[in-house]
Structure formats: C-alpha cells, structure tokens
Amino acid sequence: MSMETHSFSLGVRVAPFVKRTVTVYHVPRLRNLNRTHPAAQCILPQPPLTNHSPTLRDICQPHVPTHILQRMEEIGYVMPTDVQREALPHLFSGRDCILHAQTGSGKTLTYLLLIYSIINTLKSSVQALVVVPTRELGMQVTKVARMLAAKPTGVDGEQKSCTIMALLDGGTLRRHKSWLKVDFIFSSSKQVSSLRKLLTSYSSCNNRQTVFASASIPQHRRFLHDCVQQKWTKSDVIHIHVSPVEPMPSRLCHRFIICNNKRKLQTLLSLIQSDAPESGIIFVGEQSEKSKKAGNAPSTDLVIDFLKTSYEGPLDIVLLEDDMNFNSRAVSLLEVRKGGGYLLVATDIAARGVDLPEMSHIYNFDLPRTAIDYLHRAGRTCRKPFSDMKCTVTTITVPEERFVLQKYENELMFNSEELIP
Ligand SMILES: Nc1ncnc2c1ncn2[C@@H]1O[C@H](COP(=O)(O)OP(=O)(O)OP(=O)(O)O)[C@@H](O)[C@H]1O
C-alpha cells in the first residue's frame, strides 16, 4: 500500500473519557483497487449550487459549536464547496468516509469541521489525529485549525477556545513517537508498516471514525476494498467522489513546450518573461543518488543560480526542497506566504497539499515522475473555490519525453496546448 498521509495531532485539552475519536488521513496517493466491496457505498456528485443551496452554517449548525461557525464565516467560509456539501452530512452522522475530490477543493476544512463537531475542549486527552505526509502540511493544517478555534471577534462568552498543538517529528506522545515523526511521504515499506500499525493496532476502526481525504485514488475501488478487508475502516465506509470525470479543475490551462536539454533553462526564462506571473512555482526533479555520488549539483541549484544571474524581473527567488532542514524550509514557506511576488523553485515536497491561494503559474522544469505527481503539482494552483482566476501549468519537455506527457494527459483526462519556442 503506497500511501502518503497527513499526520498531526490536535493536542486539544480533553478528558480521558472520549465520546468518539476521529482519525483523519489526508492521503494524496493511495494504492489501486480493482473490486468494490459490497457494503461500501460510492456517492457521486450532486447537482451544482443554486441560490437556495444550503450555506456551510445550514449544514453544520446542529453539530459544530456556534463560536467555530462564527470564526468560519469571519474567515470567509460561507458557501460549501462540492466536497463539503456532499461529505459533511455523512461525516456528522459518524460514518467512515473516503473524501475523493480535486486538489484545492476544501477537504481540509471538511475534516476539521467534523473534528470540531466532536471534540469537547473541557476534557483532556487526544481526541483527534490528522496524519499528513510533510511538516509543511502539518503546520498548514494546524494553522487552519487554529484560525477556526480562535475566539470570534467581540465574543466574550465563557466558551473556552482549545489549544491546537502540532506534534511534528515525534511529539510528546511517547507511545506513538514512532509514527508521529512527520516529514516523510509514506513510500518505503517501513514507513507504510508504521502507518498500518496506526490504522490497526494503536486503535481499532470500531472505536473511531476514520476519514481518508485524497485528490488522487487511482483504481479507487480496490482501495475501498482494502479499507474494509484490512479493517482500516468499518464495512459501511462511504466513498464520496466529487467530479469523478474531471480529476483536475476545469479552469486549469495545460501547456507544454519542447526543447533540447541545453535550452531548458533559457526556455524557462523566456516563459517567465512572457507570462510575467505575479507568483510561480518551478518544480524540479529530485536529484538521483547517482548524480549525488557523481558530485553533480542538484537541478534546484542549477535553476536557482541561473535565475539569480539571468532573471531581471521583480519576483524574489525562493528555494524549497527535501534536503533542506526543517527550519530553512519553514523560512522559505514563510517568505512565500508573506505574499508579494516570488518564484518558488521546489521539488515535489511542495506538491503535497501546500496551499498558496494566489498561485497562478506552475512550471514543470522537469517532468513529474507519475501522472499523480503531475496532478498534485498542478493542484498548487486553482486553489480559490468559487473564483474564475486563470491558472496555467506549463511543462518543459525534451522530444523523447513528449510521449510521457501524453500518457499523463490520457490518464488524467486533460489536453495540453503546445507552445512554439
Ligand atoms: N467553503 C469555502 N469557501 C471558500 N474558500 C474555501 C472553502 N473551503 C476551503 N476554502 C479554501 O480553498 C483552498 C483549498 O482548500 P484545501 O487546502 O482544504 O484544499 P484540499 O482539497 O485539501 O487540497 P489538496 O488536495 O491540495 O490538499 C484554501 O485556501 C481554503 O482556504
């Protein structure tokens, strides 16, 4: 099972007695499934919003504390996105769910509203656990959770806001230290086995509510079957699949440009100069072990050095890659979140759920390794629900790789427009 998951613990002050625990796995990539389990139910999209559509408050009112609803509306969350409208009633009913919806569609708020509908901040023990693949994501989900938990403006009532603690890199819960280490994408068997333990030994699917949230579940029926067979979820788990025929937002414009390897850097510069983006992410492939052994500089350094000497535009150039230590990565993300124009040169660590709503341009300097990686990189843009902001993903490819991009187009059902250099 190759899974990436979101993991951070809501360290709220709660009592040993727990009404219901919630465990959420924001899992951007799940193993393929071939069979539908009879008990599992698949929910397909409902009709689009009309002016009589329920607001988030209408959907959440009986379940989520008023002060959280007030904060939610203060932040600007008024109308539900499709996944929120479809998933929340099932989540509030206590059902295990697999939330399968596009990147940037609001899955984080969906499971946080469920968590706030359940935890009791006057009692002390851990009542909810969110598992994410990288520290950046853990901090991001923590930030949204803290925003929702803050006391609404002008409310003096007794309602105690809860303390949100991100347990990153081991955290204080000793017995769970092994799997609270955040900062790896569950790909190796060792990492996946610690996740299996989390799913099956540290707690049972019968004494918790389990939610998987993902923008990509290739052959999702098989994953659904595994969930029930391996007792990761209860047998009546619901698979909520929003926009099943459109894995990526329709307002995303895909482009590609063919050039030889020697011209890639210059081609990137010309693209940035002609697009003049307000901000952009330039995804670069991770350096292979062979290239490291040969003492070559990583592609990220080559791109950064080239842009620092050749790019004369107004945007700051920022680096975010796996090999950086956590503090340097946190500084880079802080830099980018400050707003203002920037070009973020990044490896795929920035492709997992990082939320930069103003991002409009994505450049694949190196081709993503898989179609799912393409989807998650592309998903770093088009992150403003209800907005018609035009967003583009441009892939720079050498002639012999064109067929790979075509394969991704077929798998993810999109078309790319060719730019002539
Ligand atoms: N109901 C809403 N109304 C307006 N904006 C929303 C709403 N729900 C979420 N958002 C915003 O949409 C953006 C994307 O939300 P979020 O990060 O939860 O998406 P996601 O589905 O988890 O994406 P990914 O699959 O990439 O992790 C965020 O900036 C969030 O603030």
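Both counts, for ligands and for their atoms, begin at 1 and track the order of listing.
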Please state which option from R383, Q84, M72 has its nearest heavy atom closest to atom 26 (O) of ligand 1.
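Heavy atom nearest to atom 26 (O) of ligand 1 belongs to R383.
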Taking the side chain as everything from C-beta on, heavy atoms only, tell me whether M139 gets closer than 4.5 Å to F326.
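SC-SC contact between M139 and F326 confirmed.
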Quick one: does G106 get an N or O within less than 3.5 Å of an N or O on ligand 1?
yes
Does an N or O anywhere in A215 fall below 3.5 Å from an N or O of ligand 1?
no
Heavy atom under 4.0 Å from ligand 1: found in [X]'s side chain, backbone, both, or neither?
X    : answer
L56  : side chain
T108 : both
S105 : both

Which atoms of ligand 1 are found less than 4.0 Å from any heavy atom of P357?
29 (O)
Considering only heavy atoms of Q102, which atoms of ligand 1 have at least one such atom less than 4.0 Å away?
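Matching atoms, with element in brackets: 21 (O).
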Give a yes or no on whether the backbone of L319 and the side-chain of S332 come within a donor-acceptor separation of less than 3.5 Å.
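Confirmed, S332 side chain pairs with L319 backbone.
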Is there a donor-acceptor pair under 3.5 Å between the side chain of Q140 and the backbone N or O of D355?
yes
Hey, is [X] one of the residues with a heavy atom under 4.0 angstrom from ligand 1?
X    : answer
R380 : yes
A101 : no
K384 : no
H376 : no

Is the centre of the H67 ring less than 6.0 Å from the centre of the Y116 ring?
no
Establish, yes or no, whether a centroid distance under 6.0 Å links the rings of F256 and Y408.
no
In terms of relative ring orientation, are H361 and Y363 parallel, tilted or perpendicular, with 30° and 60° separating the classes?
parallel
Return the orientation label for the H63 and F92 ring planes: parallel under 30°, perpendicular over 60°, tilted otherwise.
parallel
H376-T103 side chain donor-acceptor pair, cut-off 3.5 Å:
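Distance-only check fails for H376 and T103.
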